[in-house]
Amino acid sequence: MAAVRISSRSGLPSLLLYLGIGIALGQDGIFDVKFDNAELTQVIGYAALVVILAEGGLGAKWKEVKPVLPAAAVVSTVGVGISVRITASAAHYLVGLDWRQALIIGAVVSSTDAAAVFSVLRRVPLPPRITGVLEAESGFNDAPVVILVVAFSAAGPVEHWYVLVAEIALELAIGAAIGIAVGWLGSLGLRHVALPASGLYPIAVMAIAVSAYAAGAMAHGSGFLAVYLAAMILGNSKLPHWPATRGFADGLGWLAQIGMFVLLGLLVTPHDLVDDFWPAIVVGLVLTMVARPLSVFLSLAPFRMPAREKVLMSWAGLRGAVPIILATIPMVSGVQGSTRIFNIVFVLVIVYTLIQGPTLPWVANKLNIADDPAEADDLGIESAPLERLRGHLLSVDIPAKSKMHGVEVGELRLPAGAAVTLVVREGTSFVPSPATVLRRGDELLVVATDPVRDRAEERLRAVGEGGKLAGWLGTGSPVANAPGMVGPHGGSAIPQAMKLAKKLGGAGAGAPGNGNGSGTKTSS
């Protein structure tokens with residue numbers, strides 16, 4: 001786990017550290033382990049990529065992705081085509097590869113790596129618009145790139161370009177349809193069926209996401225696109241025990257990265273890389289300084305984005321293990337010169353990831369692109385279904401920058417059927433009154449009946465983003481002004497929620513706290 005900590009603190013994608021471990025274990029390394037099974041590496045790499053894409057989709061916020069979805073879709077399709085053409089031309093004319101080898105390299109390195117992008121961008125304070133485009137692009141562009149690499153590696157001549165484009169469009173459409181359907185059905189089931197143990201929810205979510213990949217692949221569609229879209233829908237569906245699910249997926253993603261990168265390090269033979277070092281540098285230079293910027297600027301021309309944001313997105317096209325995994329496809333297919341293709345891709349990925357990853361924050365600062373520090377933090381809300389009581393228990397954490405700080409409980413104006421039954425502050429729990437003032441760092445226990453659960457969570461998030469006037473000033477949900485809401489000083493009664501609270505042990509029936517947050521203490 002030392003490698004994980006070093007990666008997190010240095011800003012380097014974990015790719016480099018785990019590849020280094022694999023190289024040290026493999027040929028020319030300390031233990032001189034002989035491993036040359038490209039087919040096994042490809043199978044394990046595909047499995048790891050499915051897990052990584054699922055983890056990335058679960059962490060993608062729909063409110064950030066939705067506004068930039070068209071831009072991300074264009075960059076991951078049209079942009080990939082532009083990048084492939086320019087990079088392949090460089091590999092053919094500057095390095096001397098034949099057109100088939102050049103096209104394979106151009107396709108392989110035109111895919112940004114989901115693991116590298118997710119690990120770096122989530123530590124760089126960029127505006128949600130840029131982060132949304134880059135993360136969605138890294139999740140989307142694996143699908144068309146895999147199709148291109150398989151087509152270029154197949155025996156016989158490549159089909160006419162328009163036939164290939166039609167095949168790509170069809171596979172993407174099938175994969176998208178299956179991913180959306182599986183994600184929607186899975187979220188519907190998990191929200192309405194209480195599983196016997198909370199630990200089953202993370203397993204169920206990942207199983208549904210992997211099922212989307214299997215269904216997409218069996219239908220001759222893009223399984224990679226299917227798993228990413230299914231995971232994105234699941235991740236934005238307010239599922240029960242979500243923090244635990246998110247932590248499980250994150251750990252599983254790290255495990256997949258570690259295994260995949262070490263295996264790729266074992267596969268490479270370091271002394272064979274010397275002859276292909278400078279060709280890799282040349283191809284990588286064209287890719288980084290010409291192909292990537294042109295693909296970004298040309299594909300995003302119809303969208304209104306400042307030039308400096310496009311410059312940053314050009315530099316943030318991080319490569320990682322995905323191109324190296326894709327480079328095993330021509331090896332398994334028996335393409336002539338496939339070993340050289342693998343070596344060039346391997347060197348290119350290591351060198352340019354080492355340059356781009358750590359310098360991305362510096363480039364963002366030079367371009368004066370940073371996240372808005374005044375933006376409110378999103379609330380952490382965990383839901384536990386109460387099947388027998390036909391209700392939900394919501395655990396709400398108030399982060400440091402949330403605008404819920406300073407709001408009275410009564411000013412939350414929760415819908416009838418929902419109530420704040422307990423507040424935990426600095427290790428002490430108490431039953432709040434309508435006049436209790438909430439503070440940053442508080443944890444709230446909210447009981448909501450099944451019909452109003454979604455409206456209650458929506459209202460809590462609206463207040464977290466817009467403060468006590470959310471709903472009146474254009475922020476948040478219109479439920480704030482709906483009949484039956486709790487008014488600024490307590491308002492109407494909430495009998496259903498109180499019945500639930502009493503069944504849970506009497507919370508909500510105790511003495512009310514005062515405006516400073518004090519009140520009758522209960523056990524934590």
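Below, each value reflects all heavy atoms present in this structure, side chains not excepted, and no hydrogens, waters or symmetry copies.
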**OP:** Mind checking the CG-NZ spacing from Leu394 to Lys238? Nearest 0.5 Å is all I need.
**Re:** 10.0 Å
**OP:** Mind checking side-chain contact (heavy atoms from CB on, under 4.5 Å) for Leu69 and listing every partner two or more places apart, or none if nothing turns up?
**Re:** Trp62, Val65, Phe140
Original post:
Under 3.5 Å, side chain of Arg319 to main-chain N/O of Leu348, donor-acceptor pair present?
Top reply: no
Original post:
How about Met260 and Ile44: do any of their side-chain heavy atoms sit closer than 4.5 Å?
Top reply: no
**OP:** Flag the pair Ile329 / Leu326 as yes when at least one side-chain heavy-atom distance between them is below 4.5 Å, and no otherwise.
**Re:** yes
Subject >> Under 3.5 Å donor-acceptor, His92 side chain and Ala88 backbone >> reply: no
Original post:
Minimum heavy-atom separation for Leu229 to Ala176, with atom names?
Top reply: CD1-CA, 3.5 Å
Subject >> Nearest-0.5 Å distance that lies between atom CD1 in Ile178 and atom OG in Ser211 >> reply: 12.0 Å
Original post:
Where do Phe277 and Asn343 land on the side-chain contact (heavy atoms from CB on, under 4.5 Å) test, with the steps shown first?
Top reply: CA-CA 8 Å; Phe277 180 82; Asn343 291 339; over 6 Å; no
Original post:
How far apart are the closest heavy atoms of Ala151 and Leu164, and which atoms are they?
Top reply: CB-CD1, 3.7 Å
**OP:** Could you please spell out the steps behind the salt bridge (charged side-chain N to carboxylate O under 4.0 Å, His left out) verdict for Asp32 and Lys34?
**Re:** CA-CA 6 Å; Asp32 197 28; Lys34 299 293 190 299; 2.8 Å; yes
**OP:** Measure from the side-chain N and O atoms of Arg308 to the backbone N and O of Leu367, and report whether any donor-acceptor pair falls under 3.5 Å.
**Re:** yes
Original post:
Side chains of Leu172 and Thr77: closer than 4.5 Å at any heavy-atom pair?
Top reply: yes
**OP:** Output yes when a side-chain donor or acceptor of Asn236 lies under 3.5 Å from a complementary backbone atom of Met232, and no otherwise.
**Re:** yes
Original post:
Are side-chain heavy atoms of Tyr228 and Asp142 found at a separation under 4.5 Å?
Top reply: no
**OP:** For Asp28, check side-chain contact (heavy atoms from CB on, under 4.5 Å) against everything at least two apart and list the hits.
**Re:** Thr269, Pro270, His271
Original post:
What pairs meet the salt bridge (Lys or Arg N to Asp or Glu O under 4.0 Å) rule with one or both residues in residues 340-357, with sequence neighbours excluded?
Top reply: Asp276-Arg340
Subject >> Parallel, tilted or perpendicular, as decided by the 30° and 60° cut-offs, for the rings of His241 and Tyr201 >> reply: tilted
Subject >> Distance-minimising heavy-atom pair for Leu287 and Pro293 >> reply: O-CD, 4.1 Å
Original post:
Would you say Leu318 and Thr112 make side-chain contact, with heavy atoms under 4.5 Å?
Top reply: no
Original post:
Is Leu97 close to Ile104 at the side-chain level, that is, under 4.5 Å between some pair of heavy atoms?
Top reply: no
Original post:
Could you walk me through whether Phe152 and Trp99 pass the ring-ring contact (aromatic ring centres under 6.0 Å, His included) check?
Top reply: CA-CA 10 Å; Phe152 294 149; Trp99 272 114; over 10 Å; no
Original post:
How far apart are the C-alpha atoms of Met313 and Met305, what are their side-chain angles, what is the distance that settles it, and do they pass the side-chain contact (heavy atoms from CB on, under 4.5 Å) test?
Top reply: CA-CA 11 Å; Met313 291 174 60; Met305 295 186 69; 3.7 Å; yes
**OP:** Output the distance between atom CG (Asp272) and atom CZ (Phe342), rounded to the nearest 0.5 Å.
**Re:** 10.5 Å
Subject >> Partner of Arg461 under side-chain hydrogen bond (donor to acceptor under 3.5 Å, both in side chains), chosen from Glu458, Glu457, Glu465 >> reply: Glu457
Original post:
Can a donor-acceptor pair be found between the side chains of Ser89 and Arg85 at a distance below 3.5 Å?
Top reply: yes
Original post:
Which heavy atom of Val149 sits nearest a heavy atom of Pro330, and at what distance?
Top reply: CG1-CD, 4.4 Å
Original post:
Out of Leu40, Val345, Leu267, which residue meets the side chain to side chain contact (heavy atoms under 4.5 Å, CB included) rule with Thr328?
Top reply: Leu267
**OP:** Give the minimum heavy-atom separation between Leu58 and Ala249, together with the two atoms involved.
**Re:** CD1-CB, 3.6 Å
Subject >> Expected output: side-chain Ser338 to main-chain Val335 donor-acceptor under 3.5 Å >> reply: yes
Original post:
Looking at Ser314 and Val296, what are the two nearest heavy atoms and their distance?
Top reply: OG-CB, 3.7 Å
**OP:** Assess the side chains of Ser333 and Ser153: does a donor N or O sit below 3.5 Å from an acceptor N or O?
**Re:** no
Subject >> Heavy-atom donor-acceptor pair, Ser237 side chain to Ile233 backbone, under 3.5 Å >> reply: yes
Subject >> Close side-chain approach of Val51 and Met206, heavy atoms under 4.5 Å >> reply: yes
**OP:** Nearest 0.5 Å please: distance from the CD1 atom of Ile350 over to the CD1 atom of Ile324.
**Re:** 6.0 Å
**OP:** Find the distance between CZ (Phe248) and CD (Glu55) and round it off to the nearest 0.5 Å.
**Re:** 12.0 Å
**OP:** State, yes or no, whether a side-chain contact exists between Trp315 and Ile355 at a heavy-atom distance under 4.5 Å.
**Re:** yes
Original post:
How would you list all residue pairs meeting side chain to side chain donor-acceptor pair (under 3.5 Å) that involve residues 285-302, not counting sequence neighbours?
Top reply: Glu137-Arg292
**OP:** With sequence neighbours excluded, give me every side chain to side chain donor-acceptor pair (under 3.5 Å) pair touching residues 212-223.
**Re:** none
Original post:
Counting distance only, does the side-chain N/O of Ser111 pair as donor-acceptor with the main-chain N or O of Pro323 below 3.5 Å?
Top reply: no
Original post:
Within a radius of less than 6.0 Å around OH of Tyr93, do more than 12 heavy atoms belonging to other residues, nucleotides or ligands occur?
Top reply: no
Subject >> Pairing of Glu64 and Arg129 as salt bridge, 4.0 angstrom limit >> reply: no
**OP:** Return each pair, listed once, that meets side chain to side chain donor-acceptor pair (under 3.5 Å) where at least one residue sits in residues 41-52; pairs must be two or more places apart or across chains.
**Re:** none
Subject >> From Ile130 atom CD1 to Glu135 atom CD, the distance as rounded to the nearest 0.5 Å >> reply: 12.5 Å
